[in-house]
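Working notes for the structure below.
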Amino acid sequence: MKILVTGSKGQLGNEIRVLAESYPDFDFIYTDIDELDITDRSKVEDFFEANQPQIIVNCAAYTAVDKAESDETTAFLINATAVENLAKSAARIGALIVHISTDYVFDGKSYIPYNESDKTNPQSAYGRTKLAGENAVRQYASKGVILRTSWLYSAFGNNFVKTMIKYGIERDGLNVVFDQVGTPTYANDLAKVILEIIPSAFLKSGIDLFHYSNEGVASWYDFARTVIAFSGISCDIKPILTKEYPLPAPRPCFSVFNKSKIKEMYKIKIPYWSDSVKDCMQRLK
Ligand SMILES: NC(=O)c1ccc[n+]([C@@H]2O[C@H](COP(=O)([O-])OP(=O)(O)OC[C@H]3O[C@@H](n4cnc5c(N)ncnc54)[C@H](OP(=O)(O)O)[C@@H]3O)[C@@H](O)[C@H]2O)c1
C-alpha cells in the first residue's frame with residue numbers, strides 16, 4: 001500500500017515516520033511544504049498523477065491558533081482550500097484521504113462528551129477553517145476518514161508538554177487555566193490508530209467521521225501538574241481562570257470527546273492520557 005504523508009515534518013507526521021518500520025507492508029512517501037505545497041492545486045494534481053498514492057494521510061495544517069485570528073486567509077488556504085485540492089485529486093485516482101480535524105469545531109458549551117453527530121459551532125478562526133476543511137473532504141473526496149482530535153502533543157515540535165518543561169525549569173511558579181477541560185492526546189497514539197485503521201478504511205467507500213483523543217479528562221492545570229510531576233522539576237503550578245490569561249483566540253471551555261464510535265468500529269483500546277504523557281516524557285529524556 002502506497003501512503004502519502006503530507007505535512008510530515010510536524011508533530012503527527014514525525015510520529016508516523018517513527019512507527020513506519022513496524023509497518024513493512026506500507027510504502028510511505030513523506031512530503032512537507034518544500035516537497036509538496038498542498039495549497040498549489042496543479043502541483044498536487046501532478047504529484048498524485050506521478051506517484052499514484054492509494055492513501056493520503058494529511059498531517060499538514062495551519063496550527064497557530066492565535067495567529068489565525070489575524071490571518072484567517074492563510075489559515076483558510078492551508079486548512080480548507082488545500083484540503084479541497086487533496087480531496088479532489090484523491091477522488092480522481094480512487095485514493096482514501098485520512099484528514100485530521102479538531103475539537104475547536106465545537107463551541108464548548110456542552111457538559112456531555114461530544115459525539116460525531118453533535119452540532120459544530122467554531123468560535124475561533126482556526127476552528128472555522130478546520131471545519132471548512134472537513135466539509136471539503138465531505139464534498140470532494142470519494143473515500144475519506146475525518147479524525148477529530150484534541151490537545152495534541154508529541155516528542156517532536158513545539159507543544160504544551162515541552163513548554164511546561166521549559167517554563168518549569170526557568171521559573172519558580174506558573175499560572176495555568178483550570179476552567180478549560182478536555183483530553184490531551186499523544187500524537188504517537190493517534191499515529192498508531194491511523195496506521196491500524198487504514199487497511200479496513202481503504203476497503204470502504206464514503207466519508208466516515210470519528211472522534212479520537214486519549215482516555216480521561218483534564219484541565220490544562222491538571223495537564224501542567226502532571227508534566228511537572230513526571231519531570232521531577234520543582235515548580236509551583238497555580239490554577240487560574242481563562243479570563244486571567246486572555247489570548248486572541250477563544251477556546252472551548254469543554255471539549256471532551258465521546259470516542260465510542262471509533263472504539264467499537266475498529267476494536268481499539270485507547271491509553272489513559274497521563275500514561276501517554278509519561279511515555280512521551282520518557283522518550284524526551
Ligand atoms: N496541535 C494540536 O494541539 C492539535 C489539536 C487538534 C487537532 N490538531 C490537528 O492535527 C493535525 C496535526 O497537527 P500537528 O500538531 O502535527 O501540526 P504541526 O506540527 O503544526 O505540523 C503541520 C505541518 O504541516 C506543514 N505545512 C504547513 N503548510 C503546509 C503546506 N501548504 N503544504 C504542506 N505542508 C504544510 C507545517 O510546516 P511549517 O511548520 O513549516 O508550517 C508542519 O510541518 C492538524 O490537522 C491539526 O489541525 C492539532
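Just so it is clear, the model here is predicted, and its values are computed rather than measured. Both ligands and their constituent atoms are indexed starting at 1 by order of listing. Numbers for residues simply follow the sequence, beginning at 1.
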Decide whether an N or O pair under 3.5 Å exists between W151 and ligand 1.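 No, W151 has no N/O under 3.5 Å of an N/O on ligand 1.
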Taking distance alone, with no angle check, do D37 and ligand 1 share an N/O pair under 3.5 Å? yes
[X]-[Y] side chain donor-acceptor pair, cut-off 3.5 Å:
X: S219; Y: D222; result: yes
X: E244; Y: N175; result: no
X: D107; Y: Q123; result: no
X: T183; Y: N214; result: no

Taking the minimum heavy-atom distance to [atom], which of [options] ranks first?
atom: atom 37 (O) of ligand 1; options: N14, T185, I33, D32; answer: D32
atom: atom 27 (C) of ligand 1; options: S8, A60, S255, A61; answer: A61
atom: atom 28 (N) of ligand 1; options: T102, T81, I78; answer: I78
atom: atom 21 (O) of ligand 1; options: G10, G7, G13, G133; answer: G10
atom: atom 46 (C) of ligand 1; options: Y104, Y62, Y126; answer: Y126

When you measure from [atom] to every protein heavy atom, which one gives the shortest distance, and what is it?
atom: atom 9 (C) of ligand 1; value: I100 CG2, 3.9 Å
atom: atom 13 (O) of ligand 1; value: L152 CD2, 3.8 Å
atom: atom 16 (O) of ligand 1; value: L12 N, 2.9 Å
atom: atom 7 (C) of ligand 1; value: S101 O, 3.3 Å
atom: atom 32 (N) of ligand 1; value: I38 N, 3.2 Å
atom: atom 15 (O) of ligand 1; value: Q11 NE2, 3.0 Å
atom: atom 6 (C) of ligand 1; value: T149 O, 3.2 Å

When you look for heavy atoms under 4.0 Å from ligand 1, do you find them on the side chain of [X], its backbone, both, or neither?
X: C59; value: backbone
X: K130; value: side chain
X: A187; value: neither
X: T63; value: side chain

So, Y30 versus F28, ring centres under 6.0 angstrom or not?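 Ring centroids of Y30 and F28 are less than 6.0 Å from each other.
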Tell me if the aromatic rings of Y62 and Y126 count as close, with their centers under 6.0 Å from one another.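 Ring centres of Y126 and Y62 not closer than 6.0 Å.
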Give a yes or no on whether I100 and I55 share a hydrophobic cluster (residues Ile, Leu, Val, Met, Phe, Trp, Tyr; joining criterion: side-chain heavy atoms under 4.5 Å apart). yes
Are K109 and F254 in a cation-pi contact, defined as NZ or CZ under 6.0 Å from the six-membered ring centre and within 45° of the axis? no
Ignoring hydrogens, tell whether any protein atom lies closer than 4.0 Å to atom 24 (O) of ligand 1; use the non-hydrogen atoms only.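 For atom 24 (O) of ligand 1 the answer is yes, since some protein heavy atom falls inside 4.0 Å.
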Any protein heavy atom sitting closer than 4.0 Å to atom 41 (O) of ligand 1?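 Neighbour list for atom 41 (O) of ligand 1 is empty of protein heavy atoms (cut-off 4.0 Å).
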Compare all side-chain heavy atoms of D103 with those of Y114 and state whether any distance is below 4.5 angstrom.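 Sidechains of Y114 and D103: no contact.
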Heavy-atom neighbours of [X] [atom1] exceed 12 at 6.0 Å:
X: K278; atom1: NZ; answer: no
X: K2; atom1: NZ; answer: yes
X: Y167; atom1: OH; answer: no
X: Q52; atom1: CD; answer: yes

Tell me whether L36 reaches ligand 1 (any heavy atom closer than 4.0 angstrom to a ligand atom).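 L36 counts as a contact of ligand 1 under the 4.0 Å cut-off.
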Where ligand 1 meets T39 - atom numbers and elements under 4.0 angstrom, heavy-atom basis: 31 (N)
